[in-house]
A.B. asks: 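This structure is in structure tokens; I'll ask about it shortly.
All residue numbers in this chain count up from 1 along the given sequence. Remember, it's 1-based here, ligands and their atoms both numbered in the order they're listed.
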Amino acid sequence: MKTKQIVLFASGSGSNVENIIRYFQDKPNVTIAMVLTNKRDAKVLERCNRLNISALYFNKTSFRETECVLDIIKCAKPDLIVLAGFLWKVPENIIKAFPNQIINIHPALLPKYGGKGMYGDNVHKAVKENKDSVSGITIHYVNEHYDEGAIIQQVETKILPNDTPDEIAAKVHALEYEYFPKVIEQLLMAQ
Ligand code: GAR
């Protein structure tokens, strides 16, 4: 069977990226082709260096106003593009070039807490402020609107009244680590 190629995008720490890399490390049918980041000093770059995975930084202009990033992705011939903690909106040229091949993970139960500005800790603080008793993760396809593509899987976790935003984040991260690599694998195997 041909090896499936994944291109990952991340903007910060990259703990999901590391988890995905480790999950597929011993699976010869899936390769992490490269990791792309929009932050020059993102911790994800250190992780990739340590794990011996190619990683590249790009800026806003090359992403939004040129075909540069698109060309780089095309070189990798990805079967799936995975946004794992990536905070910029994906431009139309990339979405059009890879229909139904770009997925994202969101740290809440969409459509709640989606849209511009709703990412990472902002989401968990909002969940806390609203005294929600449940939060979770949403894995979905990416379209031209923030957090609005078709949902692939949602998983819930209970939130206790005393949970701090950090504790909510830890619960949500645990779900991400458990479910995201498996969903990626299922999508690749179904292609
Ligand atoms: C993750 O919780 C992910 O769901 C979230 O950013 C975090 C990145 O953590 N993504 C979004 O908020 C996208 N709107 P990580 O860098 O440790 O993987």
A.B. asks: Please check: side-chain N/O of T31 versus main-chain N/O of A33, any donor-acceptor pairing under 3.5 Å?
C.D. replies: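 Between the backbone of A33 and the side chain of T31 there is no qualifying donor-acceptor contact (under 3.5 Å).
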A.B. asks: Here's one to test your reading of the geometry: is the NZ or CZ of K96 within 45 degrees of the ring axis of F98 and under 6.0 Å from its centre?
C.D. replies: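 Here K96 fails the 6.0 Å and 45° test against F98.
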A.B. asks: Hey, does the side chain of K125 reach the backbone of P165 with a donor-acceptor pair shorter than 3.5 angstrom?
C.D. replies: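 Not a single qualifying donor-acceptor pair exists.
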A.B. asks: Take the angle between the ring planes of F63 and F9 and call it parallel below 30°, perpendicular above 60°, tilted in between.
C.D. replies: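 Tilted: the ring planes of F63 and F9 meet at 30° to 60°.
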A.B. asks: Closer than 3.5 angstrom, by distance alone: can the side chain of D71 be matched with the main-chain N or O of C68 as a donor-acceptor pair?
C.D. replies: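 A pair under 3.5 Å: no.
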A.B. asks: Distance under 4.0 Å to a non-hydrogen atom of G85: what atoms of ligand 1 satisfy this?
C.D. replies: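 Here the atoms of ligand 1 in question are 6 (O), 8 (C), 10 (N).
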A.B. asks: Considering only protein heavy atoms, which is closest to atom 14 (N) of ligand 1, and at what distance to one decimal place?
C.D. replies: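 I find the closest protein heavy atom is H106 ND1, 3.4 Å.
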A.B. asks: What atoms of ligand 1 come closer than 4.0 angstrom to any heavy atom of I105?
C.D. replies: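 The atoms of ligand 1 under 4.0 Å from a heavy atom of I105 are 4 (O), 10 (N), 13 (C).
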A.B. asks: Which ligand 1 atoms, with their elements, are less than 4.0 angstrom from a heavy-atom of S13?
C.D. replies: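 Numbered from 1, ligand 1 contributes 16 (O), 17 (O).
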A.B. asks: Which is closest to atom 15 (P) of ligand 1 in terms of heavy atoms, S15, G120, P107?
C.D. replies: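 Heavy atom nearest to atom 15 (P) of ligand 1 belongs to S15.
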A.B. asks: Any nitrogen or oxygen of Y119, main chain or side chain, under 3.5 Å from a nitrogen or oxygen of ligand 1?
C.D. replies: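 There is no such contact.
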A.B. asks: Examine ligand 1 and decide if any of its atoms is less than 4.0 Å from a heavy atom belonging to M118.
C.D. replies: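 Yes, that is the case, since the closest heavy atom of the residue is under 4.0 Å from the ligand.
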A.B. asks: So for G14, does at least one of its heavy atoms come nearer than 4.0 angstrom to any atom of ligand 1?
C.D. replies: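 Contact check G14 vs ligand 1: positive.
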A.B. asks: Would you find a donor on one side and an acceptor on the other, under 3.5 Å apart, between the side chain of T138 and the backbone of A108?
C.D. replies: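 Yes: the side chain of T138 pairs with the backbone of A108.
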A.B. asks: In terms of residue, atom name and distance, what is the protein heavy atom nearest to atom 1 (C) of ligand 1?
C.D. replies: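 It is E176 OE1, 3.3 Å.
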A.B. asks: Main chain of H145, side chain of E148: is a donor-acceptor contact present, judged purely on distance under 3.5 Å?
C.D. replies: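 Looks like no, no N/O pair under 3.5 Å.
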